[in-house]
Amino acid sequence: MSNKNIKKTWQTYFEDGTIKELCSYTNPDNMFKGAIVGVCFDDPTKGDFDYAIGTLYNGGKVNEELSLEIVPKNTWAVFPCVGKMPEAFEKLYKRIYTEFFPTSKYQPYGGMCIEVYYSDDILSEDYKCEIWISVKEK
């Protein structure tokens, strides 16, 4: 997948009911507090990458049209994001790579990132979500 296809994929899944179905699997007591996530399994700066939309698996029966994906154990840097999407994400990603990584003891590792969406109110100026990036010490 490429970055330009992500928005289209989310739109398709909203329209066809997949997002609503994924919401039925959420659990407010898990590490993502019942959120829907977008997971990039590869470094998106290097061209096409594997991307999934989902929620943390709750151990129950899953519709056969959906798949289970394993997210490897990682150390994560978690960045809160506030603002209208996608502008807020774009600004935060830029700050992470131009301000955080150059000055911190961490560097990106493994190319993975998780985008945590707590609601569908993405056009709100005070929308809250998170970006999780897999890291290791420099």
Side-chain angles (χ1 to χ4, degrees):
M1 179 171 294
S2 67
N3 281 320
K4 63 183 175 184
N5 292 332
I6 291 176
K7 183 177 180 179
K8 183 178 177 183
T9 300
W10 277 93
Q11 182 176 353
T12 298
Y13 287 174
F14 267 111
E15 291 170 358
D16 73 7
T18 300
I19 299 296
K20 184 175 182 178
E21 181 175 356
L22 288 171
C23 287
S24 72
Y25 297 109
T26 62
N27 177 346
D29 297 325
N30 69 34
M31 65 192 262
F32 295 126
K33 300 174 181 71
I36 296 294
V37 298
V39 181
C40 180
F41 290 95
D42 308 298
D43 186 345
T45 64
K46 296 186 178 179
D48 286 348
F49 52 89
D50 291 330
Y51 184 86
I53 298 171
T55 189
L56 196 63
Y57 178 58
N58 65 10
K61 183 175 167 57
V62 175
N63 179 331
E64 65 186 37
E65 293 179 13
L66 301 176
S67 64
L68 297 176
E69 301 294 333
I70 305 290
V71 175
K73 184 177 179 179
N74 282 298
T75 299
W76 300 95
V78 179
F79 303 90
C81 184
V82 178
K84 183 178 174 182
M85 294 292 118
E87 295 87 358
F89 254 8
E90 292 165 357
K91 287 179 187 175
L92 180 56
Y93 270 114
K94 182 177 181 180
R95 289 185 64 214
I96 291 168
Y97 284 92
T98 62
E99 296 174 27
F100 175 78
F101 283 125
T103 61
S104 79
K105 68 178 186 177
Y106 295 101
Q107 64 185 6
Y109 178 70
M112 288 194 65
C113 67
I114 300 174
E115 300 167 345
V116 183
Y117 301 97
Y118 294 106
S119 78
D120 64 354
D121 193 19
I122 62 171
L123 299 180
S124 170
E125 294 296 330
D126 61 349
Y127 180 73
K128 293 181 179 135
C129 52
E130 294 174 341
I131 298 173
W132 294 37
I133 298 180
S134 59
V135 297
K136 70 175 183 178
E137 287 193 38
K138 292 178 183 173

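Below, all heavy atoms of this structure are taken into account, side chains as well, without hydrogens, waters or symmetry copies. Please read these numbers as outputs of a predicted model, since none were measured by experiment.
- Checked against side-chain contact (heavy atoms from CB on, under 4.5 Å), T18 has the following partners two or more places apart in sequence or in another chain: Y13, D16, L22, L66.
- Transitive grouping of hydrophobic side chains (ILVMFWY, heavy atoms separated by less than 4.5 Å) keeps I53 and I70 in distinct clusters.
- Both V78 and F41 are assigned to one and the same hydrophobic cluster, defined by single-linkage of ILVMFWY side chains at heavy-atom distances under 4.5 Å.
- Hydrophobic clustering (side-chain heavy atoms under 4.5 Å, transitive across Ile, Leu, Val, Met, Phe, Trp, Tyr) keeps I36 apart from V82.
- From I114, atom CD1 reaches atom CE of M31 across 6.0 Å, with rounding to the nearest 0.5 Å.
- Under the 3.5 Å distance criterion, the side-chain polar atoms of K138 are matched with a main-chain donor or acceptor of S104.
- Applying the salt bridge (Lys or Arg N to Asp or Glu O under 4.0 Å) criterion to E125, with sequence neighbours excluded, gives no partner residue.
- Here side-chain hydrogen bond (donor to acceptor under 3.5 Å, both in side chains) pairs that include residues 69-82, with residues two or more places apart or in two chains, are S67-E69.
- Considering all non-hydrogen atoms of both residues, P80 and L92 come closest at O-CD2, 3.5 Å.
- Identified under the ring pair (Phe, Tyr, Trp, His ring centres under 6.0 Å) test for residues 102-121, with sequence neighbours left out: W10-Y117, F89-Y117.
- A pairwise comparison of heavy atoms in S134 and G111 identifies OG-N, 4.0 Å as the closest pair.
- Other residues, nucleotides and ligands contribute over 12 non-hydrogen atoms within 6.0 Å of the CG atom of L68.
- The two residues S119 and I122 make their nearest non-hydrogen contact at O-CG2, 4.3 Å.
- Between F101 and I133 there is a side-chain heavy-atom pair separated by less than 4.5 Å.
- Rounding to the nearest 0.5 angstrom, the gap separating the NZ atom in K128 from the SG atom in C81 is 11.5 Å.
- Counting all heavy atoms, side chain and backbone alike, Y93 lies closest to C113 at OH-SG, 3.6 Å.
- More than 12 non-hydrogen atoms from other residues, nucleotides or ligands lie less than 6.0 angstrom from CD of E87.
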Q: Show your working on side-chain contact (heavy atoms from CB on, under 4.5 Å) between C23 and T55 and close with a plain yes or no.
A: CA-CA 8 Å; C23 287; T55 189; over 6 Å; no

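- For K94, the NZ atom is loosely surrounded, since the number of other residues' heavy atoms within 6.0 Å does not exceed 12.
- Shown here are the ring pair (Phe, Tyr, Trp, His ring centres under 6.0 Å) partners of Y57, two or more places apart in sequence or in another chain: there are none.
- Judged as a side-chain hydrogen bond (donor to acceptor under 3.5 Å, both in side chains), the pairs with a partner in residues 23-33 (not counting sequence neighbours) are, in order, E21-Y25.
- Side-chain contact between T9 and Y51 is absent, with no heavy atoms from C-beta onward closer than 4.5 Å.
- Between atom CZ of residue F14 and atom CG of residue D120 there is a gap of 5.0 Å, rounded to the nearest 0.5 Å.
- Closest of all the heavy-atom pairs between V135 and A77 is CG1-CB, 3.8 Å.
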